[in-house]
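Here the structure is laid out as structure tokens; the discussion comes afterwards.
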Amino acid sequence: MPVSLDGLPYDILFFVTSYLSFEDILSLGDSHPKFKALLLESTLCRRTIETHVEHTKDAQSARDYNQKLEPTSPRKKMRRCQKEEIAYIEAMKNIHDKRIAFQSCLPYSARVLGHGNGFCYRRGSLCILKGSTLRILDTSHPSQSMEIDLTATVETFRGASTSAADFDISLMYYSDDIAAILYEKKARPNESCIYAISTKKALPSNKRLLLEKWLETSYKFFCRHTAKWLYYGTYSAMGSNGRHHEWEIQGVSLTGNDSPAKTPKIVLEGFFGADIGSTVAFEIRDGFFYAVSNQTSFEVEEIDWTSFYHIIRFPLENPRRDNTDINKRLYRRQHAEGPIHDSWTELTIQFDDATGQARIVESRREWVRSTSEQKRTFYIADFNFDPSSASDSDEASEPVRALPDNDLFTTVLDDRNKPSWAPEQQRLNPTFHTEFAPDCRAPIFTLSRTKLKAYNLSTSSFLDLVEDEHCCNETTTGSCMRIRVGSRRTAPLDWVPPCDKYDKYTPSKSPKEYLGSRRDVVYRHSPIRMWPPPATQCACSRRLHKILNPPLPNDSPMSYNRHVVGSVDEHGLVYMIRSGRPSSEENQLGVIVMVSFTRGRSSSSVERPPLGPAAAASAAGEECCQHQRQIDDEGDDDDEEYDPDYWRWKPGVHRTGVCH
Ligand SMILES: *[C@@H]1O[C@H](CO)[C@@H](O)[C@H](O)[C@H]1NC(C)=O
Ligand SMILES: *[C@@H]1O[C@H](CO)[C@@H](O)[C@H](O)[C@H]1NC(C)=O
Ligand SMILES: *[C@@H]1O[C@H](CO)[C@@H](O)[C@H](O)[C@H]1NC(C)=O
Ligand SMILES: *[C@@H]1O[C@H](CO)[C@@H](O)[C@H](O)[C@H]1NC(C)=O
């Protein structure tokens, strides 16, 4: 007798869910009221959070919240359980909503945040530097911000707001309620200083300065910090052969009182590449410093076969040589895969939501196997220090390098060549995500029109901020800023791909047949979506276009040369537009815009209808009209004033069709 899923006893269903992914558990909940009840059960929610999204900010807040609820009496204990339940259920819903909004390219809100000289956006918190004032915003309550006047904390900064100042201050990093600010005397790179400023609420100005450290140089300066340690680096050490620079890293304790504890200087020897974000990347997380480079030699070898990543990890507390992990031969690619279009390369380190494990995410645009076809692919590799993962044994222990068999070029090598070779490694689907599904052709944007490129591991999505010339005819610049998102999800086992050119398996085969005994995964790509819809579509969309393309500061005429910097996480996207060329003036004033995938406070009680991949595409148009003039009587909304710089999705409104 066939047993349907909803006929199973609860305990068995509970057990079944331990084999499902985060998304599947929630989809199951949406499929039947009985499963919905199952889902909103706190033990399951808690377990789901702990196994799948333990390392997200939402999970952390739920946990922190629960830790605060220490039971003191049996009666309170009961109340605590209820609250705990709510915290986990909320966290689970938040994460799910954000992911769906991100993957479907349907933000919940957009806002012009004002002007600034620089900003840093991390894990939902935003810090803006304008002149010598810091503004701190929690992106879930962006209307409440806190301002800190730096001149009251750091004497050196007096005069920063006057244009005659002979120094620059730049915001380098923001995390754990601490902002790292770099001071540089103009044209004197040897007179620079790094400051760590606490941005905690209600702290007197004279208690804010946590660190003041003068630097020998600020060449290629970067910094990353936690609440306890600040690590900074410059590209300034002299390499062993005296011909090129190397990265020099230094950690400083932020908790030491008068004389801050310092780590010894660390020189990343033989770690090549000077451009953060394309050839090297640095990150700090959970007590470790991580570094990755896309190259293993300083010079380009004329004859070479294989490229490796060079990765390094050491603990912040004790960065000694003997507890530093290094792998110089983490397989990257074969040069035969085709030349790379360098300007598109983006190299980042990201962390897995479930395990916290570091991953390398590199986006490369390649001429496939040296044909004229260009393809952008997001490659994902584990930070793997396991010696067996190195593509072969270390150079030192093996002076004779491995070379390919049956390759003519091996015969022309001499002592000056230092080629690398390792056998080609099979790529499994989870380790690369192509921009388009194999049979899909969608308009692409040129590099100069692609202002921002990001990939988010937790949602398996890429997000580009593009300047679209074909969206609207009315804007003064002739092009509109729009978001472009593509994502992929694990395909159901009985899914048949709608294409005939699938590289990896023949079309008649379902993933079930393809996978067989392989340990691979089959994905299906969503169509690439753009947001917002053209301004002609409705009044709300017109308004959104004004928010996404705000006037630039200082009345600079809307220039065709807009320079954009920005950053993305699962909560949203923040970008700053300046006029002119990237190099013209580093700290020039720009206008800052935030697009958020997080539900606002008051719309959280209403469900946005779940979106299937197909529904979302058409919904994008309809969505645009769903946000004006809230008529539902949600008390706290009514006093909200019309603000031309702020748009927010609201449920139920499309029924009236009223737009401003
Ligand atoms: C920085 O360099 C300038 C000349 O290049 C020199 O006059 C000055 O003393 C140096 N300052 C420090 C702090 O080393
Ligand atoms: C590393 O990336 C840079 C910038 O994209 C590129 O020029 C360089 O060739 C890459 N190195 C290797 C070994 O591919
Ligand atoms: C822009 O104008 C052209 C002709 O001037 C028209 O064909 C096109 O449909 C318009 N596009 C939009 C989005 O309004
Ligand atoms: C991707 O999402 C994670 C999880 O929230 C976030 O921490 C991270 O910053 C995001 N990364 C990028 C590059 O957007």
Side-chain angles (χ1 to χ4, degrees), residues 220 222 233 235 239 243-247 268-283 290-312 326-350 359-371 374-381 383-384 389-392 394-395 401-404 409 413 416-425 427 431-435 444 446-448 450-455 462 464 565 582-583:
K220 302 258 180 197
F222 76 89
Y235 195 57
R243 276 188 298 144
H244 56 81
H245 285 126
E246 293 193 323
W247 287 99
L268 303 183
E269 283 165 26
F271 183 86
F272 305 105
D275 294 315
I276 295 178
S278 64
T279 58
V280 293
F282 302 105
E283 223 49 78
Y290 295 85
V292 59
S293 159
N294 74 343
Q295 54 210 94
T296 41
S297 68
F298 181 66
E299 271 137 47
V300 176
E301 289 296 327
E302 272 171 49
I303 303 174
D304 205 16
W305 285 272
T306 311
S307 153
F308 302 96
Y309 292 113
H310 182 173
I311 54 173
I312 299 177
I326 298 178
N327 183 353
K328 289 190 179 184
R329 285 175 77 84
L330 184 66
Y331 184 82
R332 178 167 171 254
R333 71 194 292 268
Q334 300 288 359
H335 295 302
E337 288 174 42
I340 304 175
H341 189 325
D342 277 349
S343 317
W344 282 92
T345 303
E346 300 261 311
L347 182 66
T348 62
I349 300 172
Q350 299 193 25
R359 298 248 162 84
I360 302 163
V361 180
E362 185 183 18
S363 118
R364 304 196 284 265
R365 194 178 198 95
E366 293 155 316
W367 280 274
V368 184
R369 301 260 159 205
S370 305
T371 61
Q374 267 189 49
K375 220 163 135 185
R376 181 159 62 139
T377 309
F378 307 92
Y379 294 92
I380 298 144
F383 241 76
N384 197 338
S389 81
S391 300
D392 55 34
D394 204 277
E395 295 148 44
R401 285 158 178 271
L403 291 174
F409 280 111
L413 293 174
R416 283 163 303 161
N417 299 113
K418 292 191 178 61
S420 309
W421 177 81
E424 181 159 4
Q425 287 186 4
R427 285 190 206 284
T431 65
F432 70 102
H433 175 176
T434 50
E435 179 171 10
I444 58 164
T446 59
L447 184 63
S448 63
T450 306
K451 298 295 182 181
L452 186 69
K453 314 181 272 294
Y455 187 81
F462 63 85
D464 295 334
V565 289
S583 54

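First listed ligand is number 1; within each ligand, the first listed atom is number 1.
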Among protein heavy atoms, which sits nearest to [atom], and what does the distance come to when rounded to 0.1 Å?
atom: atom 6 (C) of ligand 2; value: Asp342 OD1, 3.3 Å
atom: atom 1 (C) of ligand 2; value: Asn294 ND2, 1.5 Å
atom: atom 3 (C) of ligand 2; value: Thr279 CG2, 3.3 Å

query: Can you find a non-hydrogen atom of Arg333 under 4.0 Å from ligand 2?
result: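 Judged by the 4.0 Å heavy-atom criterion, Arg333 does not count as contacting ligand 2.
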message: Please determine whether a side-chain nitrogen of the Lys or Arg among Glu337 and Arg427 lies less than 4.0 Å from a carboxylate oxygen of the Asp or Glu.
response: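 Salt bridge flag = yes for Arg427 with Glu337.
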message: Closer than 4.0 Å to some heavy atom of Thr345 - which atoms of ligand 2 meet that?
response: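 Reading through ligand 2 atom by atom, the close ones are 5 (O).
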query: Just which atoms of ligand 2 are under 4.0 Å from any heavy atom in Arg332?
result: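 Answer, ordered by atom number: 12 (C), 13 (C), 14 (O).
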Using a 3.5 Å distance criterion without hydrogens, assess whether the side chain of [X] forms a donor-acceptor pair with backbone atoms of [Y].
X: Thr306; Y: Ala422; value: yes
X: Tyr331; Y: Gln425; value: yes
X: Trp344; Y: Glu366; value: no

query: CG of Asp275 to OG1 of Thr345: how many Å apart, nearest 0.5 Å?
result: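 Taking CG in Asp275 and OG1 in Thr345, the distance rounds to 10.5 Å.
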